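Structure record follows, encoded as structure tokens.
Predicted, not measured: the structure shown is a model, and the values here were computed from it. In what follows, chains are A, B, ... by sequence order, proteins preceding strands, each numbered from 1.
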Number of protein chains: 2
Amino acid sequence: MSEKLAPQADPSGTAPRRSDATRAAILDAARERFAAEGYERATIRAIARDAGIDPSMVMRYYGNKEGLFAAASEIDLRFDDLDGIRVGADRHAGAVLVSHFLDRWEQDEVLTALLRVGVTNEAAARRMQEIFKEQLGPLVAAVCPDPAEAPRRAALAASQILGMALARYVLRFPPAVEMSQREVIAWLAPTVQRYLTAPEA
Amino acid sequence: MSEKLAPQADPSGTAPRRSDATRAAILDAARERFAAEGYERATIRAIARDAGIDPSMVMRYYGNKEGLFAAASEIDLRFDDLDGIRVGADRHAGAVLVSHFLDRWEQDEVLTALLRVGVTNEAAARRMQEIFKEQLGPLVAAVCPDPAEAPRRAALAASQILGMALARYVLRFPPAVEMSQREVIAWLAPTVQRYLTAPEA
DNA sequence: ATCATAAGCCAACACGCGTTGGCCAACAAG
DNA sequence: CTTGTTGGCCAACGCGTGTTGGCTTATGAT
């Protein structure tokens with residue numbers, strides 16, 4: 001009676017459902033559409049068409065459009081891969097951070113989606129705040145001189161990183177698009193480095 | 001016969017119309033709505049309501065929604081006020097530029113509107129490219145060492161300035177909002193200065 | 001083999017949108 | 001005063017949207 005919804009023992013903790021493939025297809029399509037067109041123009045009908053199913057399935061699995069976006073925009077900035085910063089590479093924190101963000105941005109369209117949607121959608125903007133606060137914040141606090149300054153320094157670094165993402169991946173300013181990843185890092189790393197570690201004023 | 005549409009002599013070149021006040025009210029309301037909500041969520045009906053007239057008037061005067069946005073998002077970055085840069089204050093170009101942009105952004109909601117809309121709307125994104133290219137470009141070319149590098153350097157400066165505008169005026173990251181204008185200038189000026197004048201790599 | 005359940009589709013709803021054309025009143029020129 | 005022109009409103013159209021409920025089919029446990 002208690003395990004009615006779990007047809008078989010499940011080591012991972014979540015019961016696998018027969019519809020998991022469909023759910024994933026919906027999420028993939030949603031991420032792509034949200035990233036490419038923003039919240040309003042990414043219609044549930046179009047997402048369903050991309051996923052090869054009926055629009056009503058989207059509602060069944062994610063409740064409503066807001067719920068779909070919430071599910072599709074879950075993000076992990078993957079700073080765990082970066083524990084190198086703490087261990088003593090503080091002098092290269094800027095370069096490591098910029099490089100990491102560029103990688104993440106080019107691999108994961110969720111970041112573009114969140115940026116595109118966050119500009120118009122209050123909930124997405126708050127989500128973005130949380131992500132940067134909770135994931136970038138601690139990392140900055142560990143690197144910067146006075147932990148009390150961490151939020152401000154993180155915001156400054158975020159402003160440069162988001163600004164480049166905006167110019168390069170969203171607005172597609174030709175010069176920003178044409179720069180190689182290495183060039184972008186060479187230019188932005190000192191900026192971010194200074195925001196993180198330079199003494200105030 | 002030739003002057004049928006000009007009821008009286010007009011020194012300024014454009015005939016004043018009885019509807020000019022309404023046209024202006026529409027544009028004001030449009031700017032505010034586009035800046036606050038982006039393209040799709042700023043409805044013509046709401047704009048008309050704000051302006052105190054009927055939605056059909058908007059169509060009469062601006063053709064369609066696209067035309068309205070085009071008219072409402074005309075922008076002059078006002079770099080003319082800044083000829084100080086050329087005259088020899090090149091060492092402070094970064095500070096002057098950042099300060100000028102912050103002022104413009106806080107006075108003119110069109111900039112926020114263009115940023116919010118440009119993220120989702122192709123035409124607005126192109127418009128933004130043109131504005132930065134044609135208005136910021138020449139100014140950068142006059143300050144930077146090799147004019148051939150101007151576009152890239154302008155894009156870098158734009159990435160930082162737009163990034164801060166994004167964090168401060170659109171996404172409203174608390175630390176970015178709480179910083180005083182003076183603090184923002186103190187942090188960003190050296191960055192922009194370097195983007196404009198530092199030797200490459 | 002049975003049968004509850006899950007997966008899926010279809011058709012439709014109500015709503016808000018951009019947009020249109022016709023009608024009325026205020027104005028200005030003769 | 002008359003008459004053409006402009007400014008303005010009203011009512012409606014067609015459309016695409018998010019969303020709903022019911023129906024059919026496949027599935028897998030019993």
task = For Arg31(B) and Val110(B), indicate whether the former's side chain and the latter's backbone hold a donor-acceptor pair under 3.5 Å.
result = no
note = The nucleotide from dC9(C), dA7(C), dG18(C) with an atom nearest the side chain of Ile53(A) is dC9(C)
task = Check whether the side chains of Asn121(A) and Glu40(A) place a donor and an acceptor atom closer than 3.5 Å, and report yes or no.
result = no
request  = Quick one: list whatever passes side chain to side chain contact (heavy atoms under 4.5 Å, CB included) with Arg182(B), sequence neighbours left out.
outcome  = Ser180(B)
Selection: residues 61-69 of chain B, any non-hydrogen atom under 4.0 Å of DNA chain C = Asn64(B), Lys65(B)
task = Applying side chain to side chain contact (heavy atoms under 4.5 Å, CB included), name anything that partners Asp20(B), two or more places apart in sequence or on another chain.
result = Pro16(B), Arg17(B), Arg23(B)
message = I'd like to know if the side chain of Arg41(A) and the backbone of Thr120(B) have a donor-acceptor N/O pair within less than 3.5 Å.
response = yes
Rounded interatomic separation in angstrom, taking CG from Asp20(A) and C1' from dT27(D) = 15 Å
task = Starting at atom CZ of Arg18(A), determine the distance to atom P of dA6(C), rounded to an integer number of angstrom.
result = 9 Å
message = For residues 160-176 of chain A, which residue pairs pass the salt bridge (Lys or Arg N to Asp or Glu O under 4.0 Å) check, not counting sequence neighbours?
response = Glu106(A)-Arg168(A)
inquiry  = I'd like to know whether CD of Glu109(A) has more than 12 heavy-atom contacts from other residues, nucleotides or ligands below 6.0 angstrom.
reply    = yes
query = What side chain to side chain donor-acceptor pair (under 3.5 Å) pairs are there with at least one residue in residues 122-137 of chain B, not counting sequence neighbours?
reply = Ser73(B)-Arg127(B)
note = Taken to the nearest whole Å, CZ/Arg17(B) to C1'/dT5(D) is 15 Å
task = May I have the distance from Ile47(A) (atom CD1) to dT19(D) (atom P), rounded to whole angstrom?
result = 11 Å
request  = Identify which nucleotide among dT19(D), dG8(C), dC9(D) has an atom closest to any side-chain atom of Met59(A), counting heavy atoms from C-beta outward.
outcome  = dT19(D)
inquiry  = Main chain of Asp81(A), side chain of His100(A): is a donor-acceptor contact present, judged purely on distance under 3.5 Å?
reply    = no
ask   = In terms of the nearest nucleotide of DNA chain C, which residue is placed more toward the 5' end: Met57(A) or Arg49(B)?
value = Met57(A)
query = What residues in residues 114-121 of chain B put a non-hydrogen atom under 4.0 Å from any atom of DNA chain D?
reply = none
ask   = Residues from residues 31-43 of chain A sitting under 4.0 Å of DNA chain C, heavy atoms only?
value = none
inquiry  = Below 30° counts as parallel, above 60° as perpendicular, anything between as tilted: where do the rings of Phe173(B) and Phe132(A) land?
reply    = tilted
Give me, pair by pair, the N or O atoms of the protein and of nucleotides 10-12 of chain C that are less than 3.5 Å apart, along with how far apart they are.
unit_1	atom_1	unit_2	atom_2	d
dC10(C)	N4	Ser56(A)	OG	3.1

ask   = Quick one: side chain to side chain donor-acceptor pair (under 3.5 Å) pairs with a partner in residues 152-167 of chain A, sequence neighbours left out?
value = Glu149(A)-Arg153(A), Arg152(A)-Glu183(B), Ser159(A)-Gln160(B), Gln160(A)-Ser159(B), Gln160(A)-Tyr195(B)
inquiry  = Roughly what angle, to 10°, lies between the helix axis at the start of the helix from dA1(C)-dT30(D) to dG30(C)-dC1(D) and the one at its end, five pairs per end?
reply    = 0°
query = Do the rings of Phe79(A) and Phe101(A) sit parallel, tilted or perpendicular, given the 30° and 60° boundaries?
reply = perpendicular
key: Whole-Å gap separating P (dG18(D)) and CZ (Arg60(A))   = 19 Å
ask   = With sequence neighbours left out, what residues match Met59(A) under side chain to side chain contact (heavy atoms under 4.5 Å, CB included)?
value = Ile44(A), Asn64(A)
ask   = Would you say Ser19(B) reaches dG7(D)'s phosphate, i.e. side-chain N/O to OP1/OP2 under 4.0 Å?
value = yes
inquiry  = Tell me which pairs pass salt bridge (Lys or Arg N to Asp or Glu O under 4.0 Å) where either residue lies in residues 48-69 of chain A, with sequence neighbours left out.
reply    = Arg33(A)-Asp50(A)
key: Heavy-atom donor-acceptor pair, His92(A) side chain to Leu97(A) backbone, under 3.5 Å   = no
ask   = Relative to the ring of Phe34(B), is the ring of Tyr39(B) parallel (under 30°), tilted (30 to 60°) or perpendicular (over 60°)?
value = parallel
